[in-house]
Amino acid sequence: MSSSFAADTAAAVGTDVPGIREVTPDEVEQFWENGWIRLPRLIDPDLVGSLLQQAQQLMGPGGDANEERLGFDFETSPASQSFRSPSEIDDLFHTVVHSRQLGRNASLLLGRNSGTRFFDDILLVKLPLSQRGDRGQPLGWHQDKNPTDRSWIYFWIPLDHVAPDQGAVQYMTGSHKLGPLWRGGACVDLDEAYRLAPRLRSCELSDELTFEPGDVIAHCSWVVHGTGANVGTRPRWVYRPSFFPADAIYMGVPSPTIAERGIKAFEPLAHADFPVIYEPEASGGAG
Ligand SMILES: O=C(O)CCC(=O)C(=O)O
Ligand SMILES: [Fe+2]
């Protein structure tokens, strides 16, 4: 499944995608303070509409028709129906995750004049609980798994309107400042989160927000987040690509995605499957 990309890992392969705006300095400041930021109309709603159509080709109009590809899709979760790496087989998803604009936004948000690599992407369709009790559950509080030594950027991109009752993502605002708290990716309930990391009690829980197509949330590594159940009547369509600084070093955290590409602990993730999609200019770049 892995590489249709060129073997060149050094040159940036990002392309310009019209319809993705740049994050503002105010948004960057808020992101630093909170660990997450809502980015209204980051992406042209028409482009998001086209992504939804492509996603529905892959997963069916209701987001529940794709069969798990054994050995490739991650273990299915009761929190959503998922489809791993749509960008490997669909041109539009491929174009979007290789956009210079998303790469530059990741670099601006992280506040370093660094290049950006794309890591992976996934479609997460939280189905109405009333329809599929095993694909619409809440997702417990967690920090995203980060196998490197630097913060990553995750874009949470609703492909359709999302209402609060559909299980939008919620954050413990400011919790990224506490650093890694428990094993990355492990989901726990609120009491357990407070038991493991009592300081989380001082982090305000964000509201479950409403999203129009084009609105996006970006979050960083180590911000604690989770979702409610989908108690609405429509599937909740979300696309979630992740990006990281091009010079980040693999810390040896078990990751089949990285290990199967022959990357060893303490090496950079310099591989064609993690292409550099944005490289700042010598002057005038992010920073
Ligand atoms: O909304 C979801 O289904 C997952 C949210 C999440 O944990 C993430 O985007 O990292
Ligand atoms: Fe997450």
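Heads up: numbering here begins at 1 and tracks the sequence. When reading the values below, keep in mind they use all heavy atoms of this one structure, side chains included, and skip hydrogens, waters and symmetry mates. Computed from a predicted model, the values in this text were never measured in an experiment. Whatever order the structure lists them in is the order used to number ligands and atoms, beginning at 1.
- Side-chain contact, H94 with E88: no donor N or O sits under 3.5 Å from an acceptor N or O.
- Annotation: protein N, O or S atoms under 2.8 Å of the Fe ion (ligand 2) (waters excluded) comprise H142 NE2, D144 OD1, H225 NE2.
- The shortest N/O to N/O separation between T227 and ligand 1 does not fall below 3.5 Å.
- By the criterion of side-chain heavy atoms lying less than 4.5 angstrom apart, applied directly or through intervening Ile, Leu, Val, Met, Phe, Trp or Tyr residues, I217 is not grouped with L110; the two fall into different hydrophobic clusters.
- Contacts between H219 and ligand 1 below 4.0 angstrom, taking non-hydrogen atoms only, involve the side chain exclusively.
- At a 3.5 angstrom cut-off on N or O pairs, D144 counts as close to ligand 1.
- Within the 6.0 Å centre-distance limit, the rings of F119 and W152 are counted as a close aromatic pair.
- A cation-pi arrangement is absent between R240 and Y154 under the rule of less than 6.0 angstrom and at most 45 degrees off the ring axis.
- Regarding atom 3 (O) of ligand 1, its nearest protein heavy-atom neighbour is R236 NH2, 2.8 Å.
- If you number the atoms of ligand 1 from 1 as listed, the ones under 4.0 Å from a heavy atom of L139 come out as 4 (C), 7 (O).
- Screening R41, R38, R21 against E27 for a salt bridge (Lys or Arg N to Asp or Glu O under 4.0 Å) leaves a single residue, R21.
- With hydrogens and angles left out, the side-chain atoms of H219 and D144 include a donor and acceptor closer than 3.5 Å.
- Looking from atom 5 (C) of ligand 1 to the surrounding protein, the closest heavy atom is W156 NE1, 3.7 Å.
- Within the structure, ligand 1 lacks K126 among the residues with a heavy atom less than 4.0 angstrom away.
- Below 30°, between 30° and 60°, or above 60°: for F244 and F274 the angle between ring planes is above 60°, a perpendicular geometry.
- Both W141 and L181 are assigned to one and the same hydrophobic cluster, defined by single-linkage of ILVMFWY side chains at heavy-atom distances under 4.5 Å.
- Side-chain polar atoms of N146 and T148 form a donor-acceptor pair below 3.5 angstrom.
- The proximity of V238 to ligand 1, defined as any non-hydrogen pair under 4.0 Å, does not occur for either the backbone or the side chain.
- At a 4.0 Å cut-off, not a single heavy atom of Y154 sits close enough to ligand 1 to count as contact.
- No more than 12 heavy-atom neighbours from other residues, nucleotides or ligands sit within 6.0 angstrom of CH2 on W32.
- Close approach of ligand 1 to H142 is summarised as follows: ligand atoms under 4.0 Å from at least one heavy atom of the residue are 7 (O).
- Shortest contact from atom 8 (C) of ligand 1 to any protein heavy atom: R240 NH1, 3.0 Å.
- Under the 4.0 Å criterion applied to side-chain N and carboxylate O atoms, E192 and R195 are assigned as salt-bridge partners.
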